[in-house]
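Read the numbers this way: they start at 1 and go in the same order the structure lists the ligands and their atoms.
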Amino acid sequence: VSNPNRDRLVRRLAELVATPSENPPGNEAACGELVARHLDEAGLEVEIHEAEPGRPNIVARLRGEPGPTLTYCSHIDVVPAGDPSLWSYEPFGAVVADNMMYGRGTSDAKGPVMAAIEAATSLAESGWRPRGTLELALVADEETMGFKGTGYLVEKNILNPDVAIVGEPTSLRVVRAQRGAYWIRLITRGLAAHGSAPERGRNAILHMAEILQHLPEAVPDMTHELLGGPTIGVGTIRGGEKVNVVAASCVAEIDRRTIPGETRESVIEGLQRAIDRAKGRFSDIDAQIELAFAGEPFEVGPDAAIVREVSGALSEVTGQDPQVIGFRGASDARFLAEAGADVVVWGPGDIGLAHTAREAIDLTELELGAAAYALAFQRLLGPPPD
Ligand SMILES: [Zn+2]
């Protein structure tokens with residue numbers, strides 16, 4: 001049995017929070033060095049993979065007998081602190097008050113990162129060896145879509161997880177389903193004409209406005225027990241050149257969130273349906289759909305080993321029944337799900353405080369997180385049941 005060392009955990013988290021890694025611009029090098037050193041000292045095999053110079057992804061492994069690979073993945077980059085005057089405590093001060101540590105990244109996700117390092121360190125110190133491989137991937141670039149972080153590691157086959165835990169602040173609730181996100185550019189093309197004679201042109205802005213009216217019809221009437229329904233929204237719109245010119249083009253950016261069961265094809269078909277309906281009013285609409293970003297939804301069944309063992313570890317550590325939930329946002333978990341792993345998102349910290357000037361983590365929850373991580377690693381990579 002391993003015992004996380006609370007003093008070491010809190011001290012190391014303070015040091016990591018005090019080492020800024022704001023993204024953008026994405027300067028994770030110093031944080032990467034710090035976590036690599038901890039993992040090396042704990043006796044793990046450490047590799048550093050960079051998709052871009054100065055943007056390290058740390059991959060550390062503890063290998064044992066042949067068996068499955070459990071990948072724990074979390075991120076060392078943080079969103080920018082923003083205006084320091086909005087903070088009650090220094091954004092990189094890691095101030096502790098009333099059992100909370102304050103600062104950018106305490107919850108999202110340096111707290112989960114340090115809880116996992118403490119779990120692996122205490123396990124290695126206790127002499128435990130996995131049946132299989134415990135793999136920690138502490139990555140850059142998560143806050144700007146993850147293509148140079150987890151996306152890169154999966155694309156290059158550096159990570160090959162059978163099961164995976166993605167460390168994000170979930171208040172230790174277990175996320176076993178996540179919505180997908182599609183960012184789509186809708187483009188309408190019209191015909192410019194003098195503003196005094198609009199009948200000689202085709203107004204791309206009016207065409208876009210009509211399509212946007214029909215956007216709700218692009219979303220299927222479905223619902224998921226943990227995720228609720230899919231959604232659609234318009235984030236930006238730009239069109240026209242000048243007040244006295246009929247607008248020749250218009251571009252709207254659409255944020256479409258999907259649930260399991262929807263596909264890339266069905267998303268595009270839905271948008272095409274909205275365009276077709278708009279043609280009921282303007283038969284000469286010329287519209288184009290461009291997919292700028294696609295992240296797929298995923299879910300793991302409630303009886304999957306990853307859900308069972310993580311839940312078991314949690315109830316053993318906290319004495320309470322764990323909450324299993326869905327996540328309506330997106331995370332790096334999508335890359336690991338696309339790589340074929342059963343994945344849950346799970347960690348200490350409060351997502352409601354993440355990205356705010358009040359970001360903090362409860363130190364008792366942090367310590368429970370480290371203990372629960374250690375137990376989950378042991379359960380998932382333990383001896384087979386008799
Ligand atoms: Zn995060």
Side-chain angles (χ1 to χ4, degrees), residues 13 16-17 19-28 31-32 34-35 51 55-59 71-82 91-92 94 101-117 119 136-154 159 164-181 257 293 295 297-298 310 325-338 343-362 365-366 369-370 372-373:
L13 176 57
L16 191 62
V17 170
T19 308
S21 52
E22 290 174 295
N23 179 24
N27 53 345
E28 297 96 344
C31 279
L34 199 59
V35 301
R55 310 288 311 274
N57 298 298
I58 312 304
V59 179
T71 301
Y72 176 92
C73 180
S74 188
H75 61 96
I76 56 174
D77 62 321
V78 297
V79 294
F92 301 106
M101 185 188 292
Y102 290 85
R104 175 59 80 233
T106 45
S107 266
D108 187 11
K110 290 176 173 176
V113 162
M114 263 317 160
I117 290 175
L136 265 57
L138 306 174
V139 305
D141 200 44
E142 195 270 350
E143 297 289 2
T144 45
M145 310 312 296
F147 292 105
K148 292 169 187 161
T150 309
Y152 174 80
L153 295 178
V154 167
L159 302 181
I165 296 167
V166 169
E168 288 286 344
T170 65
S171 301
L172 293 178
R173 292 171 299 180
V174 183
V175 172
R176 69 164 179 85
Q178 179 178 290
R179 293 203 302 179
R257 303 299 171 119
F293 168 79
F298 71 84
V310 161
I325 60 169
F327 184 49
R328 287 166 63 81
S331 77
D332 270 3
R334 71 183 193 277
F335 293 115
L336 301 164
E338 282 169 29
V343 49
V344 295
V345 183
W346 174 47
D350 184 347
I351 191 77
L353 299 176
H355 300 202
T356 75
R358 294 172 292 121
E359 186 169 357
I361 193 164
D362 181 293
E365 188 180 317
L366 176 72
Y373 277 166

Among the N, O or S atoms that [X] has, which is closest to the Zn ion (ligand 1)?
| X | result |
| --- | --- |
| D108 | OD1 |
| H75 | NE2 |
| E168 | OE1 |

Find out whether T150 and F335 are in side-chain contact, i.e. whether some heavy atom of one side chain is under 4.5 Å from a heavy atom of the other. yes

State, with a plain yes or no, whether a side-chain heavy atom of V154 is found less than 4.5 Å away from one of E338. no

Please assess I361 against L13 for the test side chain to side chain contact (heavy atoms under 4.5 Å, CB included), listing each intermediate value before the final yes or no. CA-CA 10 Å; I361 193 164; L13 176 57; 4.0 Å; yes

Just distance, no hydrogens or angles: give the donor-acceptor pairs under 3.5 Å from side chains in residues 108-115, sequence neighbours left out.
{"residue": "D108", "atom": "OD1", "partner": "H75", "partner atom": "NE2", "Å": "2.9"}
{"residue": "D108", "atom": "OD2", "partner": "H355", "partner atom": "NE2", "Å": "3.0"}
{"residue": "K110", "atom": "NZ", "partner": "L16", "partner atom": "O", "Å": "3.1"}
{"residue": "K110", "atom": "NZ", "partner": "T19", "partner atom": "O", "Å": "3.0"}
{"residue": "K110", "atom": "NZ", "partner": "S21", "partner atom": "OG", "Å": "3.1"}

